Amino acid sequence: MGPTQLSAAPNPGAVVAVVPVADSGFALAWQGGSVTVPALTAFAELEPRWLWWSARTTAPAVLDAGVRPSRCWDLGTVGRLLHGLRRDDAAAVWAAEHGLPEPPHPSGPLDLLDLHGESGDAVRPDGQLSREWLRGRCDADLRHAEHWARLAVDLQVEQEARARALPDPRRTPTSVPMTVLTSYAESAASLLAVELERDGLPVDVEVAAGLLHDVIGPRPADVAEEHALRARRDDLVLQHFAGEQVDLRSPGQVRALLARIGVDVPDTRSWRLEPYAKTSPAVAALLTWRKAERTATTYGWRWLDDNVADGRLRGAWGSADAAAGRMTAQAGLHNLPVEMRPAVRAEPGHLLVRADLGQIEPRVLATVSGDAGLAAAAREPDMYTPVAAALRCDRPTAKVSVLAAMYGQTSGTAGAALRDMDRAYPAAMAYLRSAEDAGLNRRDIRTYGGRLLRLTTLPAGEPVGEHVAVSGGFGRFARNAMVQGAAAELFKAWAGTVRAGLTDLGGEIVLCLHDELLVHVPADRAPQAAVLLSDALARTAAWWACGSGVRFVAEVTTGESWADTH
DNA sequence: TCGGTCACGTA
DNA sequence: CGTACGTGACCGAG
């Protein structure tokens with residue numbers, strides 16, 4: 001082994017850390033060297049695995065520089081994955097990797113340790129990162145940025161070693177260990193989140209306006225007209241109550257109002273009122289009003305004005321929620337009512353291609369639990385047909401039984417069904433019980449892909465699952481999170497593969513919806529995009545579910561609007 | 001002005 | 001058939 005040359009260029013495909021410095025270029029570092037450059041193009045040709053402290057802070061500058069990264073490693077994202085962190089800032093990730101206590105937020109006041117040393121070291125005597133560095137010195141100039149990039153390289157090596165050392169849950173492991181692959185996929189998802197936020201979802205404002213007009217009436221010209229229209233909607237309900245002056249938006253007042261016509265309910269949720277709608281026109285009118293009111297307040301003219309610009313609906317995206325690691329989105333991107341989906345339209349000369357994973361959670365359960373019987377069922381296009389045969393019941397009963405087992409049913413008559421499930425699929429049931437047990441006893445657990453679910457240090461009532469503490473403890477939460485979390489990991493791995501394949505087609509992912517991908521492509525490439533969505537799933541499942549025998553299936557459809565693809 | 005609660009949209 | 005998330009309105013406390 002000769003001495004390392006500091007000027008040695010990275011090999012193609014190497015991990016290369018990038019730290020942008022405003023208006024000055026980029027600091028780059030890799031194992032064996034580092035450099036500062038005015039532009040990224042020469043390094044982009046090496047197709048490196050770009051390494052950054054977080055995509056959210058770094059990727060915009062990289063994308064602006066004209067680079068479309070195909071692979072990356074996100075220290076914040078991987079830190080959250082490996083350590084179950086609720087934060088992804090450099091200080092928290094660094095501390096977790098080095099076994100140090102969780103540091104205060106970088107915005108907190110500086111102390112003597114932060115300012116230690118002649119020039120101010122990046123690492124404090126106690127091993128934590130200096131808050132002075134975190135607050136701007138790291139990208140103040142290229143010299144400091146280069147040091148910051150080297151630290152990133154060191155931390156990546158440590159993270160990868162940790163990921164590599166975790167047990168691989170697959171029956172037939174591939175050469176790259178499972179949690180390293182998950183780290184790649186989760187990092188890609190964080191980059192995708194940045195792109196989704198920048199590019200947005202194509203929405204035809206004219207179509208959206210037409211839909212709104214039909215449901216909530218014309219766009220009000222001023223505040224007075226807005227109130228008048230609101231009053232007119234309210235009157236359609238109130239006329240059923242002899243002109244009483246009641247605030248329909250106040251659940252308490254509505255409940256009292258309903259009591260006066262003999263409808264006595266503990267709350268006024270729509271599913272509870274639904275049975276009365278058949279016989280009571282007043283209740284029916286109230287439910288219709290509720291529907292329109294939801295649209296008017298949450299997805300109305302204000303929403304359109306605030307969130308849609310240049311024909312794109314934009315909101316903040318997160319790559320992993322706190323509970324199980326599913327993607328999150330704001331601005332209504334994840335809860336757009338079905339009635340509004342015709343407004344999601346491909347731009348001229350383009351088409352939307354939608355793919356959704358069929359029966360994803362039971363197939364994931366078959367994979368992660370290694371249950372041979374359930375895996376055999378998961379080789380079929382419809383899992384519930386063989387399950388019904390095994391349980392000697394009809395298909396709807398089979399479906400309910402599987403879901404009840406996965407989610408920990410607490411109501412209804414599940415006893416017999418669960419006994420049958422135990423007989424037919426003992427390994428899957430044992431897996432679920434073991435997850436529930438970990439939850440009940442507050443033990444940390446890892447998902448199939450290696451995400452740490454922290455149940456030990458979580459204070460009761462902490463909003464990881466806002467209602468967990470009150471509604472049933474951590475047992476059901478853990479049982480659910482192990483399945484939902486693994487499904488999220490598969491989904492993101494799939495999405496990352498699709499994203500990489502879309503570059504050649506000139507297309508982009510425009511929406512991620514837990515088990516559904518929406519892709520926007522030039523119209524003549526739509527057939528290729530459809531093939532890509534299916535192929536990417538097969539290729540992803542080949543390593544993700546290696547040796548399990550489980551098949552994953554996607555339904556793929558093409559159309560001009562999102563609604564057309566259903 | 002704030003957090004809690006209700007309610008409801010999506011998966 | 002449970003979990004999770006984001007949004008907006010009301011309501012009472014401060």
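Please read these numbers as outputs of a predicted model, since none were measured by experiment. Reminder, nothing fancy here: chain letters follow the sequence lines and each chain counts from 1.
- The side-chain contact (heavy atoms from CB on, under 4.5 Å) check on A/D235 picks up A/L238, with sequence neighbours excluded.
- For A/D382, the side-chain hydrogen bond (donor to acceptor under 3.5 Å, both in side chains) partners at least two apart in sequence or on another chain are A/Q359, A/T385, A/R395.
- Separating the CE atom of A/M406 from the C1' atom of C/dA4 is a distance of 15 Å, rounded to the nearest angstrom.
- With sequence neighbours excluded, the residues satisfying side-chain contact (heavy atoms from CB on, under 4.5 Å) with A/L452 are A/D444, A/R446, A/R454.
- Both A/S401 and A/H514 sit near DNA chain C, but only A/S401 has its closest nucleotide nearer the 5' end.
- Pairs passing the side chain to side chain donor-acceptor pair (under 3.5 Å) check and including a residue from residues 237-253 of chain A, sequence neighbours excluded, read A/D234-A/R249, A/E244-A/R260, A/R249-A/E293.
- Annotation: salt bridge (charged side-chain N to carboxylate O under 4.0 Å, His left out) contacts of A/E380 (sequence neighbours excluded): none.
- Note on residues 317-338 of chain A: pairs passing side chain to side chain donor-acceptor pair (under 3.5 Å), not counting sequence neighbours, are A/S190-A/S319.
- Distance CE (A/M340) to P (C/dT7): 16 Å, rounded to an integer number of Å.
- If you check residues 478-498 of chain A against DNA chain C, the residues with a heavy atom closer than 4.0 Å are A/N480, A/Q484, listed by number.
- Residue A/L365 contributes atom CG, which lies 17 Å from atom P of C/dT3 at whole-angstrom precision.
- More than 12 heavy atoms of other residues, nucleotides or ligands sit less than 6.0 Å from atom NE2 of A/H566.
- Residue A/L403 is classed as a base contact, given a heavy-atom separation below 4.0 Å to a base.
- Among the protein residues, A/L333 comes within range of no part of the nucleic acid, since none of its heavy atoms lies under 4.0 Å from any strand.
- For DNA chain B, the contact window with chain A, defined by any atom under 4.0 Å from a protein heavy atom, covers B/dC6 to B/dA11 in 5' to 3' order.
- The distance from atom CH2 of A/W303 to atom C1' of C/dG6 is 13 Å, rounded to the nearest whole Å.
- For A/E555, the side-chain contact (heavy atoms from CB on, under 4.5 Å) test picks out A/R354, A/D356, A/T557, with sequence neighbours left out.
- Here the C1' atom of nucleotide C/dT3 and the CD1 atom of A/I360 are 16 Å apart, to the nearest Å.
- For A/D222, the side-chain contact (heavy atoms from CB on, under 4.5 Å) partners at least two apart in sequence or on another chain are A/A224, A/E225.
- Put simply, CG on A/D321 is 9 Å from P on C/dA4, counting in whole angstrom units.
- Residue-level contact check: A/R341 touches the backbone only, with heavy atoms under 4.0 Å from sugar-phosphate atoms and none from bases.
- Screening residues 243-299 of chain A for ring-ring contact (aromatic ring centres under 6.0 Å, His included) gives A/Y299-A/W303 as the qualifying pairs, with residues at least two apart or on separate chains.
- In this model, a donor atom of one side chain and an acceptor atom of the other lie less than 3.5 Å apart for A/W562 and A/E516.
- Residue A/L513 contributes atom CG, which lies 13 Å from atom C1' of C/dA4 at whole-angstrom precision.
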Base, backbone or nothing for each nucleotide of nucleotides 9-14 of chain C, written B, S, -, heavy atoms under 4.0 angstrom, 5' to 3'? SSS---

